[in-house]
Amino acid sequence: MKRLIMARYGEIILKGLNRPVFEDALVKNIKGALRHCGEVNIHKAQANIYIEPADDEKTDEMVEILRHVFGVVSIIVAYEVEKDINAIQAACVEVFESALSSAKTFKVEAKRADKRFPLKSPEICMEVGGYILEHYHNLSVDVHNPEVTVNVDIREDKAYIHTGRIKGAGGMPAGTNGRAMLLLSGGIDSPVAGYMIAKRGVRLEAVHFFSYPYTSDRAKDKVMKLAKILASYTGGMKVHIVPFTDIQLEIRDKCPEEYMTLIMRRFMMQIAQRVAEKRDCKALVTGESIGQVASQTMNALAVTDDAVSMPVFRPVIGNDKEEIVEISRRIGTFETSILPYEDCCTVFTPKHPSTKPIIEKIVSAQEVLDVERLINEAVDGVETLWV
Ligand code: ATP
Ligand code: MG
């Protein structure tokens with residue numbers, strides 16, 4: 001019996017003129033994501049993308065991969081059957097044998113998209129349910145809380161039987177909403193921020209500020225590992241590693257200690273903007289959240305924002321840490337984010353950072369530095385990696 005995967009995409013977006021753009025991007029992204037799974041046959045019909053693996057053994061692995069593809073709302077692993085009630089009954093008993101023979105309760109759910117099919121949905125449930133009961137004496141029907149649900153979908157061309165939907169990542173296909181540059185640290189917040197923006201169809205690239213030898217290669221590896229997890233949702237990502245030590249040392253030596261972090265953050269934003277412009281990214285993304293640390297008070301955020309002209313997206317700005325942690329667990333970045341390697345900011349943290357900074361004071365404190373030269377040198381020293 002033919003086993004295939006059906007990936008359903010959101011119907012709201014389909015109403016607009018963007019439908020073909022959206023669908024083509026999704027099909028392309030799915031093909032890209034599954035490129036290591038051998039030959040697959042893909043076609044689309046009625047808000048579903050049908051994926052047939054040439055090698056059935058790969059199906060579970062493919063489902064895991066598809067759960068990370070933005071734009072896929074839900075996934076079904078189904079068996080394709082002729083639109084004939086006898087064939088459907090026999091198939092249900094055969095393919096769900098292991099689930100049905102070890103359960104106590106079950107129900108059948110039927111959906112009849114093809115109204116030409118002679119039996120209505122409740123009749124399909126009766127026919128299939130009755131047949132299953134004849135074959136498995138261990139079972140009884142429980143419509144409210146069954147251990148196994150056998151789904152029968154009657155579609156245009158064929159009938160499909162399956163045991164339920166798997167939740168997809170949702171959102172919009174990568175590449176359908178432009179490009180942005182994520183400031184990716186090794187922490188919990190910035191990978192979550194990147195995920196949230198990428199989920200809306202935005203292609204991401206990342207900049208990471210690296211303070212060798214104050215931060216170790218292990219800290220860099222950790223960031224690359226986070227980037228790799230994000231890339232599993234975005235279909236690959238460029239990471240630009242920016243040498244940041246010289247700038248930090250200059251700030252430490254020449255600027256007032258209480259402004260150190262904020263001046264540093266202004267540099268980060270400016271450098272990120274430079275790299276973003278080169279890479280045709282139209283916005284910056286950070287993991288800042290109001291009040292989380294001294295550099296994220298309302299005043300401090302205004303000082304940081306003032307350094308750049310590009311829009312800065314801060315998708316976790318209103319989230320509590322706990323909420324951010326919850327998302328990071330769900331998307332799989334948490335365990336990596338909490339590895340203990342130091343971040344470039346923690347090494348150069350003042351004892352008493354200013355929490356109510358005034359923009360003019362920071363800008364004038366920064367004037368002792370040759371800002372343009374420092375930025376140019378940092379940008380010239382960028383090392384770009386692909387994950
Ligand atoms: P996170 O958990 O994301 O590291 P944080 O709570 O530690 O955030 P900060 O260190 O103040 O907060 O950083 C705020 C934001 O600045 C981060 O979310 C990230 O977007 C950016 N950022 C901080 N450090 C770096 C870095 N070394 N490289 C790139 N971006 C950084
Ligand atoms: Mg951080």
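If you're wondering where the values come from, they're calculated on a predicted model, not measured in any experiment. All heavy atoms count here, side chains included; hydrogens, waters and symmetry mates do not. Read the numbers this way: they start at 1 and go in the same order the structure lists the ligands and their atoms.
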Element-labelled atoms of ligand 1 that are located less than 4.0 Å from some non-hydrogen atom of Gln292: 5 (P), 6 (O)
Distance-only N or O hit between ligand 1 and Phe209, under 3.5 Å: yes
Phe209/Phe267 aromatic ring centres below 6.0 Å: no
Tyr233 and Tyr195 aromatic centres sub-6.0 Å: yes
Per atom 12 (O) of ligand 1, closest listed option by heavy atom (His240, Met268, Arg265, Gln296): Gln296
Contact check: Gly287 vs ligand 1, nitrogen or oxygen atoms, below 3.5 angstrom: yes
Where Gly71 and Tyr9 come nearest, the two heavy atoms and their spacing: O-CB, 3.2 Å
Aromatic Phe117 / basic Arg112 pairing, under 6.0 angstrom, 45° off normal: no
Parallel, tilted or perpendicular: ring planes of Tyr79 versus Phe96, cut at 30 and 60 degrees: perpendicular
Atom indices of ligand 1 within 4.0 angstrom of Gly187 heavy atoms, with elements: 1 (P), 2 (O), 4 (O)
Ser190 contact mode with ligand 1 (heavy-atom cut-off under 4.0 Å): both
Identified side chain to side chain donor-acceptor pair (under 3.5 Å) counterpart of Asp114 within the set Arg155, Lys83, Lys158: Lys83
Thr286 neighbourhood, listing ligand 1 atoms whose heavy-atom distance to it stays under 4.0 Å: 20 (O)
Within-cut-off N or O pair, Lys321 and ligand 1, under 3.5 Å: no
Where ligand 1 meets Ile188 - atom numbers and elements under 4.0 angstrom, heavy-atom basis: 2 (O)
Charged tip of Lys220 within 45° of Phe210 ring normal and under 6.0 Å: yes
Contacting atoms of ligand 1, where contact means under 4.0 angstrom from a heavy atom of Leu183: 19 (C), 20 (O), 21 (C), 29 (C), 30 (N)
Close-contact set for ligand 1 against Val207 heavy atoms, below 4.0 Å: 29 (C)
Nearest heavy atoms of Leu100 and Asn138, plus distance in Å: O-ND2, 3.0 Å
Ligand 1 atoms in contact with Ser295 (distance to a heavy atom under 4.0 Å): 11 (O)
